[in-house]
Structure formats: structure tokens, C-alpha cells
Number of protein chains: 2
Amino acid sequence: MKSSRKTPTMADVAREAGVSPMTVSRAFKSDAYVNDETRKAILAAAERLGYVMDSMASGLSSRKTGFVAVTIPSVNNANFADTIRGLTEGLQEKGLQVLLGYTSYNLEEEERLVRQLLTRRPEAIVVTGGKHTEKCRAMLENAGIPVIETWDIPSDPIDSVVGFSNAEASAMIVRHLVSTGRTKIAFLGGDTSRDTRGFDRRRGFTRTMEQLGFDATRLTEAGPPPISMREGADAFSRLMQKWPDTEAVVCVSDLAGFGALTECQRLGIDVPGKMAIAGFGAYEISDICVPPITSVDPHCYQIGMLSAQRIIDLLSDADEETTTSQTVLEPELLIRASTVSTS
Amino acid sequence: MKSSRKTPTMADVAREAGVSPMTVSRAFKSDAYVNDETRKAILAAAERLGYVMDSMASGLSSRKTGFVAVTIPSVNNANFADTIRGLTEGLQEKGLQVLLGYTSYNLEEEERLVRQLLTRRPEAIVVTGGKHTEKCRAMLENAGIPVIETWDIPSDPIDSVVGFSNAEASAMIVRHLVSTGRTKIAFLGGDTSRDTRGFDRRRGFTRTMEQLGFDATRLTEAGPPPISMREGADAFSRLMQKWPDTEAVVCVSDLAGFGALTECQRLGIDVPGKMAIAGFGAYEISDICVPPITSVDPHCYQIGMLSAQRIIDLLSDADEETTTSQTVLEPELLIRASTVSTS
DNA sequence: AGCCTTGTTGTTATCGATAACTCTTGTTGC
DNA sequence: GCAACAAGAGTTATCGATAACAACAAGGCT
């Protein structure tokens with residue numbers, strides 16, 4: 001904050017370079033007609049003055065802010081962080097910048113956040129999940145920009161979707177566990193409807209268990225999201241008190257799964273001998289812990305990348321008839337030593 | 001993207017409510033003189049039209065964008081995520097919004113990012129670390145806004161600082177390990193100068209070891225940041241091959257520390273009996289793994305909160321003479337079972 | 001020669017909101 | 001009874017950039 005003199009404007013650069021402001025404006029966009037030497041002189045003048053473009057003014061005039069708004073439930077989550085990375089990198093080449101906000105797994109907070117983000121006039125908006133408050137949904141529908149719902153497959157999508165079936169992810173795990181001969185299987189987490197994705201995973205669990213004719217009532221709550229490792233461990237402890245003969249546990253995330261694993265270590269329960277543990281999210285921890293935990297990889301980075309791609313497509317042929325599209329990713333089951341013996 | 005009609009403006013709301021645009025503008029800021037009934041009518045009109053304010057235009061006119069730019073090395077890091085949470089929450093009440101970007105631990109990337117962020121005319125900027133390219137530093141100095149450097153204590157700060165001594169964090173750990181009778185202590189990670197904070201931790205290690213008269217040469221590289229659990233495990237493995245009699249290892253982060261712990265489990269090395277492990281960052285994993293890992297808590301959330309506070313102070317009395325201030329936090333040593341026997 | 005095209009630059013109006021000012025009307029204080 | 005002031009609303013100019021159009025030179029084509 002040392003220099004308190006006013007920030008130079010394009011007009012200042014124009015004066016310094018002896019051209020009109022419009023020419024300066026052109027010099028800063030690579031595609032426009034500007035003589036090479038003129039451009040060089042202008043960029044030199046800008047450099048001398050320490051000029052930095054004002055994207056806000058530019059956006060107002062051109063009606064293109066260069067923002068893509070993104071909401072995620074939590075910043076402190078490696079899965080969502082990967083999606084953000086995919087988005088940021090996918091949008092970079094088009095000069096689009098991610099404007100991020102988090103909802104703390106709260107739909108009211110999402111509504112507030114979406115309103116705030118829309119005041120920035122983003123060119124597109126990416127939201128996590130397919131469930132929103134009524135007002136929030138209305139705002140998204142009327143925003144007049146591409147809307148992408150991710151990490152889910154909403155039954156009644158607003159616009160485009162880049163997601164996967166959380167229920168199917170659970171189903172894959174259940175079928176795998178059953179194939180290893182286990183039938184007394186419990187589910188840990190995903191109890192509240194705040195984390196709709198966790199809730200879907202739980203529903204996928206009960207549905208699949210019922211379809212296969214097994215007891216689908218071993219459900220343990222672990223508190224509101226985000227569910228920490230500690231909460232996973234505590235929930236597992238309660239689970240074992242209530243149903244001591246449980247043979248396997250499907251956890252709403254790898255973090256809860258790892259918590260369960262540590263509890264097994266403390267209780268002296270052999271994994272996978274006495275207890276199989278499966279998680280979700282393909283977090284690094286699930287791959288490196290001892291034993292590594294069977295998990296499902298939802299391809300978080302891909303979700304971001306594909307969303308970015310979709311946005312770029314939608315923005316480029318904005319005139320053409322836009323058919324709302326669904327991109328459905330296939331989660332990948334990663335079978336690891338926590339559910340199969342490594343002998 | 002269903003409705004393609006133009007987004008309503010303040011003038012539309014004014015027409016709908018039968019007042020002038022200026023009155024609408026006033027109605028949206030709580031402090032201005034507007035008759036209660038007029039305001040109610042205006043807000044109702046806005047609601048009817050689905051009007052959402054254009055912050056970009058507002059910012060251009062009032063010269064207050066409501067943005068605070070923030071750069072962090074990586075989004076996928078619980079420590080920085082906590083700092084972001086602290087910032088976001090601290091700034092919320094003043095209506096300031098965090099505009100986030102990540103540098104991938106790369107100073108050139110930081111320069112590019114800072115330039116991009118400054119085009120959004122933030123009212124303040126928070127950067128992680130005290131090392132920047134020359135151009136980046138110049139941009140920050142000339143931006144004419146408060147600059148806060150965090151997570152570090154630069155020798156030549158640009159403006160304000162909210163940080164802690166990474167070197168001292170290592171020193172605390174070394175002194176603790178020595179107090180438990182160990183002297184053959186190694187350091188894992190922090191090798192490149194890309195992660196300057198990790199590098200500082202390593203320097204703090206060597207300096208303290210030398211001061212105490214012990215061998216400070218057991219340094220193992222773990223590749224460029226961010227260092228994963230896997231890389232921590234691999235580095236630990238190499239470490240044990242090179243110096244098999246090592247009694248303790250100080251890791252650049254808890255993630256690397258946990259990697260080392262898993263390697264001990266695989267190799268059958270008893271922790272803390274044969275090997276003590278210490279990390280950094282107070283990540284949840286260090287608290288819940290078996291045994292829990294001794295760590296240092298840098299109070300990430302506090303860093304964000306205090307930075308937000310500092311920004312609010314600087315923005316409120318912008319006229320007054322601003323003395324550049326340093327806020328130095330005291331990292332907290334968390335002694336856990338990975339370095340002390342729990343008998 | 002006259003016309004069209006391409007390259008290069010300038011002029012004017014405008015994006016959507018707000019600062020600063022003006023203008024009323026009603027109220028308070030002495 | 002009148003200055004002084006607060007409340008409430010309107011008018012005008014402006015923030016910093018760009019779209020759209022205009023202007024003009026140089027060169028190619030018919």
C-alpha cells in the first residue's frame with residue numbers, strides 16, 4: 001500500500017503512447033487489428049506505468065466478465081478440490097476464471113451464495129448436487145446463463161448435468177462385498193438429508209441389499225456432514241456395540257472408512273479377516289493406509305474437466321439451439337486389501 | 001438457461017416501482033435515507049422481476065468491488081482450506097467476498113495469478129508466503145491496496161504480515177525429540193526451494209540440530225511439493241536404507257509423516273519404540289491414526305481470521321497513517337504417542 | 001480510372017450502477 | 001417567526017472499458 005497515487009487507466013496508457021484509448025484496448029486483445037509496432041509501443045507504455053487492466057469495467061462494457069461461478073459444499077475436501085482443479089484448468093485456455101464459494105452442506109447457504117455469485121454476472125455457473133431451495137432453483141433458471149449440476153444425477157435437471165450415480169456407487173460395493181461371501185453388511189454415515197450425495201449412497205446401499213435379499217437395516221448415523229475420521233471411528237464403535245456380528249461396513253466416505261479402520265486397530269479386529277471396510281472417494285489415504293481400503297473413484301477431476309468443456313461448448317455456440325445434455329460418468333470400483341485377503 | 005430475455009437492470013426495477021433509479025440504488029443499501037414503504041415497494045418490484053444486482057457495475061461506479069483476492073499454493077490442502085475458511089468468515093460481515101486462486105507452489109504462476117487477480121480490482125490481497133518474483137512484488141507494492149503476507153515471516157515484508165516462524169516450528173519438534181533421549185534424528189521433505197515454508201522448516205531443523213551439537217545431515221528429499229503420503233512413505237523407505245540407525249524423523253507435513261508411519265507398519269518397525277515420528281500441520285489424520293502423530297498446529301483458521309480482521313481495520317481508517325504491522329502467531333506443539341511411549 | 005478489400009486508427013455512445021449535488025417538505029429550537 | 005436541519009427523492013455526470021461505426025490509406029481487380 002506504499003503508492004497511494006491513483007491506478008493508471010487505459011486513457012493514461014493511451015496518452016503515454018500517443019494513441020487513442022480504443023487502440024490501447026485493441027492492443028490488449030490478441031485477435032484485433034493493430035499494427036505490430038503500435039502494439040509494442042503500447043505494451044511498453046503500459047509496462048512503464050505499471051498498468052493493469054480493469055476487468056470489471058471491461059466486463060461491464062463487453063458484457064463478458066470472464067467469471068464462471070462454482071459452488072461446492074466444502075473447501076476442505078480433497079474430492080471437491082480435484083473438481084475445482086479440473087474446472088480451473090479446463091477453463092484457463094479460454095481466459096475464464098473460477099469464482100468459488102462454499103455452502104457448508106447447507107441449502108439455505110447455497111441460496112445466499114448463488115445470489116451473491118450471480119451479482120458478479122458470471123458467464124456460467126456450476127453447482128454441486130441437484131437439490132436446491134425453490135428460490136435458488138428459480139434464480140438459476142432465470143439467470144440466462146448455462147447452469148451445470150455436478151456430482152449427482154438430478155431427476156429434474158435445471159440445464160446440463162455432469163455427474164454420476166451415488167446410489168450405483170454403493171451398489172457396486174455391496175455386490176463386491178457379497179461376492180466375497182459377506183452378507184451381514186452395515187452402512188456408516190449419510191444419515192441426514194443435508195448431504196444429499198451421502199444420502200443417495202445410503203439409499204443405494206439399502207436398495208441393493210434388499211434386492212439381494214439381505215438385511216438392510218444396519219445403518220449407523222455419524223452426524224451432519226462433513227463426516228470426519230473421528231466421527232467415522234465413533235460411529236463404527238457404536239455400530240459394533242449394536243451389531244457385534246457385522247462382517248463388513250460400507251462407509252459414506254474414505255475418511256469415515258479410515259476412522260473405522262483405526263477403531264478396528266484399537267479394538268484388535270482383524271481387517272479384512274474379521275471385518276471388511278469399504279469407503280468412497282478414492283482419497284489418497286485409502287490407498288496408502290494399512291491395509292488399503294476398497295473404495296470407489298468418482299473421477300472428481302474429470303467431473304471438473306468435462307464441466308469446463310461443456311461450458312466452453314455452450315458459450316461458443318450460444319445462438320444454436322441448446323439441448324440440455326447429461327454427461328454420466330461411471331464410478332470405478334477399486335478393490336483393495338480391506339475387503340479381500342491378500343494371501 | 002431457459003429464459004433468454006435480458007437480465008433486468010436497476011432502471012427496470014425503478015420503472016416497475018415508479019421511482020427513480022437512484023432511489024432503487026438507495027433501497028438496496030441498508031444505511032441510506034429511504035422511506036420504509038418506498039423500500040418495501042422497491043424490493044417487492046425487484047422480487048417480481050427476479051432482479052439481481054450487478055456488483056460489477058456497482059463496483060465500477062463506487063470504486064469498491066467487494067473483492068479480497070487470496071492466493072494459496074494448493075486448493076487440495078486442509079491447512080490452506082482452513083485459512084480460507086477463516087478469511088471468508090471474517091470478511092463476510094463486511095460484505096467482502098474472497099476471490100481465490102492457487103499457484104501450484106510456483107512463483108511464476110503466482111505472478112500470473114496476481115496479475116489476473118489485480119484486474120478484478122480487489123480491495124485487498126492476501127498472499128501465502130513472503131517470497132515472490134520481482135515483478136510480482138512490484139505489482140503488489142503498486143496496487144495501492146492493503147497487502148497481507150501470511151504463513152511466513154518475511155525478512156522484508158511488503159505491507160502487513162500474519163504468520164509464524166516455520167523454522168521455529170521445527171525447532172520445537174527437535175527440542176521435544178531430544179528431550180525424549182533421541183539424537184539420531186532425520187528430516188524428511190522440504191528439499192526444493194519451491195515450497196519456501198517447507199524449506200524453512202528444514203532449515204529450522206538443521207540449525208537447531210547444529211546448535212544442540214547433533215548430526216544435522218540426515219536429510220531426505222521427497223520431491224517437489226505438494227508431498228503426498230505416498231512420497232512420504234517412499235522417502236522414509238530410502239531414509240532407512242541410508243541411515244538404518246535413525247531413531248526419529250521430523251516430517252515436513254503430517255501427510256508425509258503418516259506415509260512414514262505406514263511404511264513402519266509394513267516394515268515392522270515399532271512406533272514409538274524403535275522410531276519416533278513427528279509431522280506438521282495438525283491435520284486430522286495425525287490425531288486419529290494409530291499411534292497418533294506428534295505435530296505442530298500453526299493455527300491455520302486463526303491466520304485467516306486475523307488477516308480478515310487486519311484488512312477490515314486497514315480499509316476502515318484508510319485515511320489514517322497506516323503503520324505496516326506484523327502479527328506473529330505461536331505454533332503449538334502437540335505431543336502424541338508417535339514420539340512418547342504411552343505405557 | 002473506379003471499385004472493392006484489407007489493414008489501421010479514431011469517434012461516439014453505452015454498459016449498470018453510484019457520488020455529489022439539488023430540490024422539496026416537514027420539524028425543531030430559540 | 002424564521003433559521004437550521006433532517007428526511008426523502010430526483011438529476012446529472014461519471015467510473016473504465018468496449019461495440020459499432022466511420023475514416024482513410026494502400027493495394028489488387030475489373
Side-chain angles (χ1 to χ4, degrees), chain A residues 5-43 45-46 49-67 95 118-123 143-144 318, chain B residues 5-43 45-46 49-67 95 118-123 143-144 318:
Chain A
R5 68 178 181 282
K6 242 187 55 188
T7 317
T9 80
M10 211 166 243
D12 296 326
V13 177
R15 207 170 308 120
E16 173 83 11
V19 297
S20 78
M22 192 64 228
T23 306
V24 177
S25 172
R26 290 197 183 97
F28 274 91
K29 4 193 59 181
S30 40
D31 55 317
Y33 285 139
V34 186
N35 184 292
D36 253 5
E37 292 192 18
T38 315
R39 168 173 281 137
K40 244 176 260 168
I42 290 173
L43 294 183
L49 297 177
Y51 172 71
V52 181
M53 207 159 39
D54 187 333
S55 306
M56 316 295 280
S58 164
L60 179 59
S61 180
S62 68
R63 325 193 52 57
K64 289 184 173 196
T65 57
F67 275 134
L118 287 181
T119 69
R120 301 296 181 176
R121 295 292 186 266
E123 300 185 39
Chain B
R5 67 179 182 282
K6 243 187 56 189
T7 317
T9 79
M10 211 166 242
D12 297 325
V13 177
R15 207 171 308 119
E16 172 83 11
V19 297
S20 78
M22 193 63 229
T23 307
V24 177
S25 173
R26 289 198 183 97
F28 275 92
K29 8 193 56 182
S30 40
D31 55 317
Y33 287 140
V34 185
N35 184 293
D36 252 5
E37 292 192 17
T38 315
R39 168 173 282 137
K40 245 178 256 169
I42 290 172
L43 294 183
L49 297 177
Y51 171 71
V52 181
M53 190 119 92
D54 188 333
S55 306
M56 316 296 278
S58 164
L60 180 59
S61 180
S62 69
R63 325 193 52 55
K64 288 184 173 197
T65 57
F67 275 135
L118 287 180
T119 69
R120 301 296 182 178
R121 296 292 186 265
E123 301 185 40

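The sequence lines fix the lettering, A, B, ..., with proteins before strands; numbering per chain opens at 1. Only heavy atoms go into these numbers, but all of them, side chains included; no hydrogens, no water, no symmetry mates.
- If you take CG of B:L49 and C1' of C:dG16, they are 15 Å apart, rounded to a whole angstrom.
- Nearest heavy-atom pair, B:T65 versus B:P122, reported as atom, atom and distance to 0.1 Å: OG1-CA, 3.9 Å.
- Within 4.0 Å (heavy atoms only), B:M53 reaches sugar-phosphate atoms of the nucleic acid but no base atom.
- Contact annotation: B:S61 side-chain N/O to D:dC15 OP1/OP2 distance is not under 4.0 Å.
- Rounded to the nearest 0.5 angstrom, A:Y51 OH and A:T7 OG1 are separated by 10.5 Å.
- Looking at heavy-atom distances under 4.0 Å, B:V24 makes no contact with the nucleic acid at all.
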Report the C-alpha distance between A:V34 and A:K29 in whole Å, list the side-chain angles of each, state the deciding distance to 0.1 Å, and finish with yes or no for side-chain contact (heavy atoms from CB on, under 4.5 Å).
CA-CA 9 Å; A:V34 186; A:K29 4 193 59 181; over 6 Å; no
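- Rounded to a whole Å, the CG atom of A:D36 is 13 Å from the P atom of C:dG7.
- The distance from atom NZ of B:K64 to atom P of C:dA19 is 8 Å, rounded to the nearest whole Å.
- Taking every side-chain heavy atom of B:S62 into account, C:dA19 is the closest of C:dG10, C:dA19, C:dC15.
- Side chain B:S58 to base C:dA17: no donor-acceptor pair is found below 3.5 Å.
- Taking every side-chain heavy atom of A:N35 into account, C:dT8 is the closest of C:dG16, C:dT18, C:dT8.
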A:D12 and A:E16: side-chain contact (heavy atoms from CB on, under 4.5 Å), yes or no, with the steps?
CA-CA 6 Å; A:D12 296 326; A:E16 173 83 11; over 6 Å; no
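- The two residues B:A17 and B:A45 make their nearest non-hydrogen contact at CB-CB, 3.9 Å.
- For the helix from C:dA1-D:dT30 to C:dC30-D:dG1, the terminal axes (five pairs an end, C1' atoms, rotation from four pairs onto the next four) enclose an angle of 30°, given to 10 degrees.
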Between the protein and nucleotides 4-6 of chain C, list every N/O to N/O distance that falls short of 3.5 Å.
none

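- Look at CZ on A:R63: it is 10 Å from C1' on C:dT14, rounded to the nearest Å.
- The separation between A:M22 atom CE and C:dA13 atom C1' is 12 Å, rounded to whole Å.
- Spacing between atom CD1 of A:I42 and atom C1' of C:dG10 amounts to 12 Å, rounded to whole angstrom units.
- With rounding to whole Å, B:M56 atom CE is found 13 Å from C:dA17 atom C1'.
- With hydrogens and angles ignored, a donor-acceptor pair closer than 3.5 Å exists between the side chain of A:R26 and the base of C:dG10.
- Heavy-atom distances under 4.0 Å link DNA chain D to no residue of residues 8-18 of chain B.
- Counting all heavy atoms, side chain and backbone alike, A:A14 lies closest to A:S20 at CB-C, 3.7 Å.
- Of all nucleotides listed (D:dG16, C:dT9, C:dA19), C:dT9 comes nearest to the side chain of A:V34.
- Shown are B:V13, B:T38, B:N35; of these, the side chain to side chain contact (heavy atoms under 4.5 Å, CB included) with B:T23 is made only by B:T38.
- Straight-line distance from the CG atom of B:D54 to the C1' atom of D:dC15: 13 Å, rounded to whole Å.
- A distance of 9.5 Å separates CE of B:M56 from CG of B:L60, quoted to the nearest 0.5 Å.
- For B:L60, the side-chain atoms get nearest to D:dC15 when compared with the rest of D:dA17, D:dT11, D:dC15.
- Where A:T23 and B:K29 each meet DNA chain C at their nearest nucleotide, the meeting point lying more 5' is that of A:T23.
- Atom CZ of B:R121 is separated from atom CG of A:D54 by 4.5 Å, given to the nearest 0.5 angstrom.
- Here the CE-CE distance, from A:M22 to A:M10, works out to 8.0 Å after rounding to the nearest 0.5 Å.
- Residue-level contact check: A:T38 touches the backbone only, with heavy atoms under 4.0 Å from sugar-phosphate atoms and none from bases.
- For B:F67 against B:R120, the heavy-atom pair with the smallest separation is CD1-O, 3.9 Å.
- The OG atom of A:S55 lies 14.0 Å from the NZ atom of A:K64; values are rounded to the nearest 0.5 Å.
- A:Y51 comes within 4.0 angstrom of sugar-phosphate atoms only, judged by non-hydrogen atoms across all strands, and of no base.
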